[in-house]
Amino acid sequence: MTTTAPFGSWRSPISAHDLAASGHPVSGGAWVGDDIWWLELRPAEGGRLAVRTERDGAVVDVLPAPWNARTRVHEYGGGAWAVSPDGTLVFSEFTDQRLYRLDAGSNTPVPITPAAGPDGASYRFGELSIRGDEVIAVRETHPGQAPADSTTPAGSTLTRDIVAVPVDGSAASDDAAGGGRGIRSIVSASHFVAGARFSPDGTHLAWIAWEHPRMPWDGTELRVGALVDGVVGSDWRTIAGSTTESLLQPEWVDDNTLTAISDRSGWWNLERLGLDGSRRVVRADDAEYGGALWMLGMRWHAQLTDGGILAVRTLGDDSLVVVDPTTGDARTVEQPLTTIALGAVRGTRVLVTGGSASIPTGLRVLDLETGALTDVRLAVDDLPDAAFLPVAEARTFTGDRDVHSFVYPPRNPDFAAPDGEVPPYVAFVHGGPTSRVSATVNPAIAYFTSRGIGVIDVNYGGSTGYGREYRERLRGQWGIVDVDDTISAVLGLADASLADRDRLAIRGGSAGGWTVLAALTSSDVFAAGTSYYGVAELTQFASDTHDFESRYLDGLIGPLPEAEALYQSRAPVNNVAGLTTPVLLLQGLDDPIVPPSQAEMFRDAMMERGIPHAYIAYEGESHGFRRAETIVSATEAELSFYGQVMGFDPVGVPRIELAGDAGTEPAAK
């Protein structure tokens, strides 16, 4: 029988322990013979990333514990492992950032890069690929005596280059000691490099390069240089791209032609580019065929054996198309996924990672001819009964400008709300901010909706997936457009009587946490807000954050010192005087991207003014919580917080104490 109970107090079969225990995000995907290997986050093992495969019907580790395949290049990493056809694994070990080789049949990795370079420099390696007897990688060199776990601020002599590392380990003890080959620098000549690709005949290298203050979605260059003795000389040239054109993922078609992605039309579209300087749009389309290069090694297209181009096409949601590069005609691959990341291609089969509003995220094999999907490894072991999962509704709210979102109404077959009651809603604000969300089976969302709390996931202005103009709405307007768009979306729900105007909450992580704090200090729309490792202050943040994002604020706010006044006026910590809304701050104490000082400054400002709040900090957590115990603690704390503030009694979670006008400050975890 259905029980009548207030929204927020419904009993749910989805617990925070379920989220931590059954969730293990998967990524990548490579064929090794007939086997498929992938990378998997293991929350129950301290959040390590393991290379895994399936043998005799059971999922097993290729890379055994405690080894952790995670690179810190750009801090966000990407391309932390590669495997040769014979099963030799090369990976970046998180603890010391050295490259290691694990031979087939062995459980003992051996280092192939030195513990430190000349003058104590420390190395990080990402976007790994194996080419013959060498590993090709992006190397990030931190100067001086900086340890591998340090964050080198802007203005340092941190450098990056594309290198070749001998697989045999001859560079492990010293860069060039004892007659070893050492690590060979193939090319640098810019502060950022990515996407190294060798021409089929091995005579040229193509790569992507960019400089501060641009981010890779602002402007990059596609460069090509001739290889002499394995090194690109000084006569390399830029064949496409600029400070206002973003080029992504070059791939060689033949020895003289490349396919790449360019947004010079206002949309990331596929182009063919020749070494003779020619370039041609393969298919002009008001849709995206690329995305934000937050992590190294991201792929949006692949060459098929019949000459066609398999590509991810994005307009809000993702689809897969096969494009004829001669005519520009596109055939949609009929398949059910709406969030898609491309992996390796073998003939007419491709490894894809993704899901949809009704299909859980995971790694699958897709047959391009039939559209058949075969599960390899899902990101969750167990899903609750589908009746407890919300149904995603794509909604666009129209005011001063369109705002795209996905709405997840409360859903639980065992409960109904009293007549006339309207549900509370939580606005999920994604990070980045140059990123996006799609409709997906997300147990973290179902955790709330199955308890009678609606969720709206907002793609505010600045999000990708809707063209460069939509993406650049946030230029100079961070803290304004993102806030206004999120408010527009939640008030649209309230105006339609779908959400309780007095019980709206907002939560987000990183840049999403900034939007939370900015919204709470500039409006009275929300009853509560949760910031996961969010930015609270700008001037110190600009000097403290890591190199990759150290000039990101130039585009989001303005360059320093010219924009100093804007940095001060926009920063939520400077606007706490008008704050009355309770706030929950959740922070990793080892976060190099948004340091704990950001949350602590905001906490201190709230304490001075007696604003109800809680600050929970977690030892050993970085940017994005990975440990099972942290996920449980943070999830339950958030639910308890909303219940206290919005007047419902959540079932089965411990009550957190709020400091401010009552209670005491919670201790760090």
Q. How far apart are the closest heavy atoms of Ala206 and Pro250, and which atoms are they?
A.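 Heavy-atom minimum between the residues: CB-CB, 4.4 Å.
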Q) Which atom pair, heavy atoms only, marks the closest approach of Pro595 to Asp544? A)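 For Pro595 and Asp544, the tightest heavy-atom pair comes out as CG-CB, 4.2 Å.
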Q: Apply side-chain contact (heavy atoms from CB on, under 4.5 Å) to Gln587 and Glu621, showing your working.
A: CA-CA 8 Å; Gln587 178 69 44; Glu621 287 289 3; over 6 Å; no
Would you say the side-chain atoms of [X] and [Y] include a donor-acceptor pair closer than 3.5 Å?
| X | Y | value |
| --- | --- | --- |
| Thr515 | Asp482 | yes |
| Trp38 | Ser27 | no |
| Asp547 | His191 | yes |

Q.
Suppose we screen for ring pair (Phe, Tyr, Trp, His ring centres under 6.0 Å). Which residues come up paired with Trp81, at least two apart in sequence or across chains?
A. none
Q.
Under the rule for ring pair (Phe, Tyr, Trp, His ring centres under 6.0 Å), what residues qualify as partners of Trp478, not counting sequence neighbours?
A.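 For Trp478, the residues satisfying ring pair (Phe, Tyr, Trp, His ring centres under 6.0 Å) (neighbours in sequence not counted) are Trp514.
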For the [atom1] atom of [X] and the [atom2] atom of [Y], what is their distance to the nearest 0.5 Å?
| X | Y | atom1 | atom2 | result |
| --- | --- | --- | --- | --- |
| Asn459 | Tyr470 | CG | OH | 6.0 Å |
| Leu222 | Glu245 | CG | CD | 9.5 Å |
| Leu247 | Asp263 | CG | CG | 8.0 Å |
| Gln540 | Leu538 | CD | CG | 11.0 Å |
| Thr257 | Leu273 | OG1 | CG | 9.0 Å |
| Leu293 | Ile208 | CG | CD1 | 8.5 Å |

Q. Using 30° and 60° as the class limits, which term best fits the ring planes of His546 and Phe548: parallel, tilted or perpendicular?
A. tilted
Q.
Under the rule for side chain to side chain donor-acceptor pair (under 3.5 Å), what residues qualify as partners of Arg264, not counting sequence neighbours?
A. Glu271
(Q) My understanding is that only residues two or more places apart in sequence, or in another chain, count here; which of them pass side chain to side chain donor-acceptor pair (under 3.5 Å) with Arg272? (A) Thr259
(Q) Between Thr464 and Trp217, does the side-chain hydrogen bond (donor to acceptor under 3.5 Å, both in side chains) criterion hold? Intermediate values first, please. (A) CA-CA 10 Å; Thr464 58; Trp217 44 86; over 6 Å; no
Give a yes or no answer on whether the side chain of [X] reaches the backbone of [Y] with a donor-acceptor pair at less than 3.5 Å.
| X | Y | result |
| --- | --- | --- |
| Gln303 | Val253 | no |
| Glu288 | Gly467 | yes |
| Asp485 | Gly461 | yes |
| Glu93 | Thr95 | yes |
| Asn575 | Ala571 | yes |
| Thr71 | Gly78 | no |
| Arg570 | Ala565 | no |
| Asp161 | Val163 | no |
| Ser199 | Thr203 | yes |
| Gln598 | Ala536 | yes |

Q.
Apply side-chain hydrogen bond (donor to acceptor under 3.5 Å, both in side chains) to residues Gln97 and Ser122 and explain how you reach the verdict.
A. CA-CA 8 Å; Gln97 290 297 290; Ser122 61; over 6 Å; no
Q) CD of Glu562: more than 12 outside heavy atoms within 6.0 angstrom? A)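 Atom CD in Glu562 is crowded, with more than 12 foreign heavy atoms closer than 6.0 Å.
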**Q.** Trp67 vs Phe94, ring pair (Phe, Tyr, Trp, His ring centres under 6.0 Å): CA-CA, chis, key distance, verdict
**A.** CA-CA 8 Å; Trp67 297 94; Phe94 177 65; over 10 Å; no
[Y] and [X], any side-chain heavy atoms less than 4.5 Å apart:
| X | Y | result |
| --- | --- | --- |
| Arg471 | Thr434 | yes |
| Ser246 | Leu248 | yes |
| Arg197 | Gln249 | yes |

Taking the six-membered ring for Trp, is the centroid-to-centroid distance between [X] and [Y] below 6.0 Å?
| X | Y | result |
| --- | --- | --- |
| Tyr76 | Trp294 | yes |
| Phe541 | Tyr567 | no |
| Trp210 | Phe192 | yes |
| Trp267 | Tyr289 | no |

Q | Pair Val90-Ile130, side-chain contact (heavy atoms from CB on, under 4.5 Å): steps then yes or no | A | CA-CA 8 Å; Val90 175; Ile130 298 177; 4.0 Å; yes
(Q) Working note: Tyr460 + His430, criterion ring pair (Phe, Tyr, Trp, His ring centres under 6.0 Å); need CA distance, chi angles, decisive distance, verdict. (A) CA-CA 9 Å; Tyr460 50 84; His430 67 68; 4.4 Å; yes
Q: Using a strict cut-off of less than 4.0 Å between a Lys/Arg side-chain nitrogen and an Asp/Glu carboxylate oxygen, indicate whether Asp554 and Arg475 qualify as a salt bridge.
A: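 Judged by the 4.0 Å cut-off on N to carboxylate O distance, Asp554 and Arg475 do not form a salt bridge.
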Q.
Quick test of your reading of the model: are Asp318 and Arg436 salt-bridged, counting only N-O distances below 4.0 Å?
A.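 Looking at Asp318 and Arg436, the cut-off is met.
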Q) Name the one of Arg313, His301, Arg283 that satisfies side chain to side chain contact (heavy atoms under 4.5 Å, CB included) with Leu270? A) His301
Q. So His404 and Ser463, side-chain hydrogen bond (donor to acceptor under 3.5 Å, both in side chains) or not? Walk me through it.
A. CA-CA 9 Å; His404 304 293; Ser463 302; over 6 Å; no
Q.
Using side-chain contact (heavy atoms from CB on, under 4.5 Å), reason through Leu39 and Val26 one step at a time and then give a plain yes or no.
A. CA-CA 6 Å; Leu39 193 66; Val26 294; over 6 Å; no
Q) Residues in salt bridge (Lys or Arg N to Asp or Glu O under 4.0 Å) with Arg101, at least two apart? A)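 By the salt bridge (Lys or Arg N to Asp or Glu O under 4.0 Å) rule, Arg101 matches Asp103.
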(Q) Run Arg124 and Glu75 through side-chain contact (heavy atoms from CB on, under 4.5 Å) and show every step you take. (A) CA-CA 10 Å; Arg124 302 174 183 182; Glu75 292 299 348; 3.1 Å; yes
Q: Would you please name every residue forming a side chain to side chain contact (heavy atoms under 4.5 Å, CB included) with Leu275, sequence neighbours left out?
A: His204, Val224, Arg237, Trp252, Asn256
Q.
I'd like to know whether Ser242 forms a side-chain hydrogen bond (donor to acceptor under 3.5 Å, both in side chains) with Glu221, so could you lay out the CA-CA distance, the side-chain angles of the two residues, the decisive distance to 0.1 Å, and finally the verdict.
A. CA-CA 6 Å; Ser242 68; Glu221 295 181 359; over 6 Å; no
